[in-house]
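Below, chain A is the first sequence line, B the second, and so on; all start at residue 1.
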Amino acid sequence: MSYVLIIGAKSDIAKEVARVYAKNGYNLYLAARDSLSLEDLKHDIEIRSGVNVELKEFDITSYDTHEEFYRSLKKRPVGVIVVSGYMVEQKVAQKEWIETLNTVNVNYTGALSILNIVANDFEKEQNGFIVGVSSVAGDRGRKANYIYGSAKAGFSAYLSGLRNRLYESGVTVLTVKPGFVETKMTENLDLPQKLTAQPQEVAEDIFNAQQKGRNVLYTKPIWMVIMLIIKHIPEFIFKKMSI
Amino acid sequence: MGLISWGMYPIIKNKKISLRDAKTLPTYINSTDEFIPYGNGRSYGDSALNENILYCKTYNNFLDFDVQNGILTCQAGVLLSEILDSVIKRGWFLKVTPGTKLITLGGAIASDVHGKNHHTQGCFSECVEEFTIMLSDGEIKSCKKGDELFHATCGGMGLTGVILTAKISLKKINSAFINQTTIKTKNLAETFEAFENYKDIPYSVAWIDCLAKNEEIGKCLLMVGDFADDGNLEYKSKKKLSIPFNFPSFALNSLSVKAFNWLYYAKAKDGISKQRVSIDTFFYPLDAIGEWNRIYGKNGFTQYQFILPKEQSFEGLKEILTKISDSGKGSFLAVLKLYGKANENYLSFPLEGYSLALDFKIEAGLFELLNTLDEVVLKHGGRIYLTKDVRVSKETFEKGYPKIEQFRDFRSKNYMDKKLNSLQSKMVKI
């Protein structure tokens, strides 16, 4: 049975994405730093779904290891899902260069590094799917979150171009733009319930969209409407706003 | 806004902490005045509400599955739906399941839930081989049937500690489909007769028309069934419809209830009909409509569920159905069910007899009506189900539960009453 590779497997969204793919019969490579901490999840998924789960040590910012990492997978994955993300408070990121750099490296540079390798391979094979978890924050830069947002904007643009390039070869590329999601990261924020998705819901949405070969997924769907409005506010008004 | 319960009433401010690691739990317990564990928020009233809430759904790893013998061990935040996704295709099913699969394993134990097969299989605790629980002093205890902790915790509404893991035994099945028979009856006497005639069939439940009057009172659709034996174990959860917003509260007037009832009657035109249906259709019809609780409007709703001993059931139900019909506060859902014998647990709801469950939207005059129904329930030796309740008085509640003092003693002896409390536990003083 085929393998799916999940990059950045430690996040709450990744964990649920892994469970959903396993439930649908896929074996998994779970790649993350300190991958041994995923032993419980591996065990959980193997019991739930009877698939194989392999833990892979992977650092998204160690770019020069990516080629070898990918070659070392004993079976070529049929799909690659990049869930890695790094977000600090905007105030911290704009003060500390190292945080800005890290934000860009994890959310953008690292994702491109591994996906370039995957894309070349899938294109040659004329088969495979790529899912990139970007963010609604990439749709327009806001003062509250523009460093993270600009890295995600870059990632969204990359995925769009990749989709265009790989169309001919039959490889699908899905851009995922989650809005608020109830995770460890947002535990202490008071998020509006109706706009906040559960990680399980996001994972099911990703699976369904990917299986249908869709291009861009907003989850919850209401975020498509919200971002459509935000994107269309004229700049001379937008620059005065606090949203 | 904080966590709410399924009935969306009451709404209180609360602080939620997610349970992810049992190692950090003693610190939380120590540093918190009082709290209540919360599963998936499907109890209707205030059983899992308090200012401090321990959110347990995030504690949800599968730990072991003996596929040969059907013995499954999970952390308590796992949903029954997740268990079904995993076990049905391997030929297993829950021995006991309530009418929603969207509850946690810990919640199933804490409410000692029951299902359409109570008359043959008993409550959820019958399939619990063993569980572990963290007590209010931070100690983790393992217990099984026969231990006092087991009998206090099963049905104990989360008031004895934080259930961490549970080992349950499953039921072997050879199909993911149910052969269902639907029987239409004309009145309560016929309904009772039908339940008795079909009592050897493992699953049964009746939908009652609450607006029926006079000699038609108690007319129902009785649905009975058992698993098919066709070897087809293919199971995919149904794609959900969703109620996207709170309906305006006038949407649920008695006209719409009548329309709903009429639709249900069209199902069994000739008195008896047979269908082959999926697990989801048979056991979890309402799960197919996400957030159906919004249909009652933003003021919320409650479910009134009581049970009466068998010999008193007929008179009692007739009296109550008459009162409801006269009140015009018709319930969208009225579910009647025959139960088997009560178990040893201190606060489990079921006893041998008939139970009726009705939904009411919260509105002026409702609680007065329910208070008069309480009197009828007590007069006939019945009791109220805490998992559904949001308003019962201490006096009414305790008259129905003969083991209540044992439960209270057990709680105070173990200092559980100092740490674990819900709005409900404070209201009925348990």
- Look at atom CD of A:Q211 and say whether more than 12 heavy atoms of other residues, nucleotides or ligands are closer to it than 6.0 Å. yes
- Task: Might you confirm whether atom CE of A:M227 has over 12 heavy atoms from other residues, nucleotides or ligands at distances under 6.0 Å?
- Result: yes
- Message: If I take atom CG from residue B:N61 and atom CD1 from residue A:I45, how far apart are they, to the nearest 0.5 angstrom?
- Response: 8.5 Å
- Query: Measuring from A:D44:CG to B:E82:CD, what's the distance to the nearest 0.5 Å?
  - Reply: 8.0 Å
- Atom NZ of A:K231 with >12 non-hydrogen neighbours under 6.0 angstrom: yes
- Message: Other residues, nucleotides and ligands only: do more than 12 of their heavy atoms fall within 6.0 Å of NZ on B:K144?
- Response: no
- Could you name each residue pair satisfying ring pair (Phe, Tyr, Trp, His ring centres under 6.0 Å) that touches residues 176-208 of chain A, not counting sequence neighbours? A:Y21-A:F207, A:F180-A:W223
- Message: Can you tell me which of A:Q198, A:Q200, A:E46 forms the most heavy-atom pairs within a distance under 4.5 Å of chain B?
- Response: A:Q198
- Item | Side chain / backbone / both / neither for B:V78 at chain A, heavy atoms under 4.5 Å | side chain
- Can you tell me if CG on A:L189 sees more than 12 non-hydrogen neighbours from other groups inside 6.0 Å? yes
- Can you name the nearest heavy-atom pair linking A:R48 to B:S86, along with the distance? O-OG, 2.6 Å
- More than 12 non-hydrogen atoms from neighbouring residues, nucleotides or ligands closer than 6.0 Å to NZ on A:K184, yes or no? yes
- Message: Given heavy-atom pairs under 4.5 angstrom as the criterion, report whether the side chain, backbone, both or neither of A:K15 touches chain B.
- Response: side chain
- Message: Looking at chain A, which one of B:K16, B:K89, B:K57 has the largest number of heavy-atom pairs inside 4.5 Å, strictly under?
- Response: B:K16
- Is it the side chain or the backbone of A:T196 that comes within 4.5 Å of chain B heavy atoms, both, or neither? neither
- Message: Taking CD in B:E51 as the centre, count heavy atoms belonging to other residues, nucleotides or ligands within less than 6.0 Å. Is the count above 12?
- Response: no
- Message: Could you tell me if the side chain of B:T58 sits less than 4.5 Å from the side chain of A:E187, heavy atoms only?
- Response: no
- Let me know if A:E204 has heavy atoms under 4.5 Å from chain B in its side chain, its backbone, both or neither. neither
- Identify the two heavy atoms, one from A:I47 and one from B:R90, that lie closest to each other, and give their separation to 0.1 Å. O-NH2, 2.7 Å
- Item | Contact check, side chains of B:N60 and A:R19, non-hydrogen atoms, under 4.5 Å | yes
